[in-house]
Amino acid sequence: MGESSSSVSIDVERIWFGGKEHIVQTSYGSVSVAVFGDGEKPALVTYPDVALNYMSCFQGLFFCPEAASLLLHNFCIYHISPPGHELGAVPISSDVPVPSVDDLADQVAEVLNFFGLKAVMCMGVTAGAYILTLFASKYRDRVIGLILVSPLCKTPSWTQWLYTKVMSNLLYFYGMCGLAKEFLLQRYFSKEVRGSTQFLESDIVQACRSLLDERRVVNVWRFLETMNGRHDLTKDLKNLQCRTLIFVGDSSPFHSDALHMISKLDSRYSVLVEVQECGSVVTEEQPHAMLIPMEYFFMGYGLYRPCNPNSSPRSPLSPSCCISPEMLSPESMGVKLKPIRTRIL
């Protein structure tokens, strides 16, 4: 726990920029998958939120040296981008039907088949968390763990539905205009980092604002329309056959959705970590807050950070013990974690 960042043996930047992008043809169109790490290690599949890709949704987490050490030591990372969200994507033709959420979940299964992957760990943010939760409910034997960040699991409320429709119309008629960007930035980040008349917006918000300019508007619009047509997963949550770790910022507009989700999951195998003064995209805004909960979560699979030379990063992901929820309490962690509240329901 007390290991300093200087002792991390993995060259994070070299691995991060040394990945390989694959364009996978599926029954629902092509999808970009960026692969990082040793393909013989267990697989960690990620899926970002609307209008984001792995560079704008998970870079903060993987640039956090301790978190990158934990993840890259134990996993080969498969970053799936929503259709048309990868860098350099072309606009998807209007002749191609807008996919349903079930189509995107089935597309994840086809991606796993392409790479010859069986059971995987999953990490998703908001819309991506919904897609991976749906995937886990449809393909229960193919998911051994879920790490969900500000997840959705219900149909949109009337407020959410109207909000998304307004944003969709802005994109459709005006493109990635200033107001559309503000809608998206409010979705992602807390007001503390978005700035105000008194404070400049943070570097992560400025970087995200710049990256939004690179998105193909029609492709973002399509994903928004897909998510606005999502169905309720509540009845499927009790039947999930994997452990679940949920993070949510207390300033996230989807905070109540995360509370609803944790209340419906089997409390023996699920934990909610609330991160104070943080928005939805915890992976970018406060990635350091994810480290210790993830460490304890992975301990249940016999996975650790590379501090023990006798540990085997190639060992299969077979849960060896049941994580006690109390292990994730700040008191049991042995450190004072002011920005984190852990809730067990």
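The basis for the numbers below is simple: all heavy atoms, side chains too, and nothing from hydrogens, waters or symmetry mates. By convention here, the first residue in the shown sequence is residue 1. Just so you know, these numbers come straight off a predicted model, no measurement behind them.
Ionic pairing of Glu201 and Arg209 is present here: one or more N-O contacts between side-chain nitrogen and carboxylate oxygen are shorter than 4.0 angstrom. Residues Glu86 and Arg215 are not paired through a salt bridge, judged by the lack of any N-O separation under 4.0 Å between the basic side chain and the carboxylate. The existence of a salt bridge linking Lys118 and Asp141 is excluded, since no basic side-chain nitrogen approaches an acidic carboxylate oxygen closer than 4.0 Å.
Crowding of Phe114 atom CZ: a count of heavy atoms from other residues, nucleotides or ligands under 6.0 Å exceeding 12. Residue Lys238 places its NZ atom among more than 12 non-hydrogen atoms of other residues, nucleotides or ligands, all under 6.0 Å distant. At most 12 heavy atoms of other shown residues, nucleotides or ligands fall within 6.0 angstrom of atom CG in Leu200.
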Worked check of side chain to side chain contact (heavy atoms under 4.5 Å, CB included) between Glu40 and Cys76
CA-CA 7 Å; Glu40 295 185 35; Cys76 182; over 6 Å; no
Step by step, would you call Leu148 with Leu245 a side chain to side chain contact (heavy atoms under 4.5 Å, CB included)?
CA-CA 6 Å; Leu148 307 175; Leu245 174 60; over 6 Å; no
Can you list the steps and then say if Val33 with Val35 is a side chain to side chain contact (heavy atoms under 4.5 Å, CB included)?
CA-CA 6 Å; Val33 184; Val35 182; 4.2 Å; yes
Please evaluate residues Ile246 and Leu265 with respect to the criterion side chain to side chain contact (heavy atoms under 4.5 Å, CB included), reporting the C-alpha separation (whole Å), side-chain torsions for both, the decisive distance (0.1 Å), and the verdict.
CA-CA 11 Å; Ile246 298 177; Leu265 287 165; 3.8 Å; yes
Begin from the C-alpha positions of Phe36 and Tyr78 and carry the test ring pair (Phe, Tyr, Trp, His ring centres under 6.0 Å) through to its verdict.
CA-CA 7 Å; Phe36 295 82; Tyr78 296 81; 9.9 Å; no
Mind running ring pair (Phe, Tyr, Trp, His ring centres under 6.0 Å) on Phe115 and His22 for me, showing each step along the way?
CA-CA 10 Å; Phe115 289 104; His22 302 258; 5.1 Å; yes
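Aromatic ring centres of Tyr54 and Phe58 lie farther apart than the 6.0 Å criterion allows. Phe298 and Phe75 have their aromatic ring centers within a separation under 6.0 angstrom. In this structure, the ring of Phe135 has its center no less than 6.0 angstrom from the ring center of Tyr47.
When the side chains of ILVMFWY residues are joined at heavy-atom separations under 4.5 Å, either directly or via intervening members, Phe183 and Val220 end up in a single hydrophobic cluster.
Between the side chain of Glu285 and the main chain of Phe189, no donor-acceptor pair closer than 3.5 Å is present. At least one donor-acceptor pair under 3.5 Å links the side chain of Arg243 to the backbone N or O of Gly300. The backbone N or O of Leu52 sits nowhere less than 3.5 Å from a side-chain atom of Ser56 that would complete a donor-acceptor pair. Between the side chain of His79 and the backbone N or O of Ala34 there is no donor-acceptor pair closer than 3.5 Å. In this structure a side-chain-to-backbone donor-acceptor pair under 3.5 Å is present from Asn74 to Tyr304.
Side-chain contact between Met290 and Cys64 is absent, with no heavy atoms from C-beta onward closer than 4.5 Å. Between Ile77 and Phe62 the shortest side-chain heavy-atom distance falls below 4.5 Å. You'll find the side chain of Tyr188 stays beyond 4.5 Å of the side chain of Thr126, heavy atoms only. Counting only heavy atoms from C-beta outward, the side chains of Leu44 and Val120 never approach each other to under 4.5 Å. Leu185 is listed as a side-chain neighbour of Cys208, based on a closest heavy-atom distance under 4.5 Å. Between Thr26 and Val31, the closest side-chain pair of non-hydrogen atoms falls below 4.5 Å. Proximity of Arg305 to Glu295: side-chain heavy atoms (C-beta onward) are separated by under 4.5 Å at one or more points. Taking the side chain as every heavy atom from C-beta outward, Asp257 and Lys154 approach each other to under 4.5 Å.
Met227 CE to Arg222 CZ: the interatomic distance, rounded to the nearest 0.5 Å, is 15.0 Å. Put simply, CD1 on Ile23 and OG on Ser30 are 6.0 Å apart, with the number rounded to the nearest 0.5 Å. Put simply, CD on Gln241 and CG on Asp266 are 11.5 Å apart, with the number rounded to the nearest 0.5 Å. A distance of 8.5 Å separates OG in Ser100 from CG in Leu134, rounded to the nearest 0.5 Å. The line from CE of Met55 to CG of Leu211 is 7.5 Å long, rounded to the nearest 0.5 Å. How far CZ of Arg230 is from CH2 of Trp161: 12.5 Å, rounded to the nearest 0.5 Å.
In summary, the side chains of Ser190 and Glu277 do not present any donor paired with an acceptor at a separation below 3.5 Å, with no hydrogens or angles considered. Looking at Asn169 and Tyr174, their side chains never bring a donor and an acceptor atom within 3.5 Å of each other. Side-chain contact annotation: Asp232 with Thr234, donor-acceptor N/O pair under 3.5 Å present.
Contact between Thr46 and Leu132 at its shortest, heavy atoms only, is C-CD1, 4.5 Å. Minimum interatomic distance between Tyr130 and His231 (heavy atoms only, all atoms of both residues): OH-O, 2.6 Å. Between Glu274 and His255, the shortest heavy-atom contact is OE2-NE2, 2.7 Å. Residue Phe254 comes nearest to Ser280 through the heavy atom pair CD1-OG, 3.5 Å, listed as atom of the first residue, atom of the second, then distance. The two residues Met123 and Met294 have their closest heavy-atom pair at CE-SD, 4.0 Å. A pairwise comparison of heavy atoms in Ser251 and Glu192 identifies OG-OE1, 4.3 Å as the closest pair.
Across Ile131, Leu146, Thr244, a single residue satisfies side-chain contact (heavy atoms from CB on, under 4.5 Å) together with Cys122, and that is Leu146.
Asp213 meets the salt bridge (Lys or Arg N to Asp or Glu O under 4.0 Å) test with Lys181; sequence neighbours excluded.
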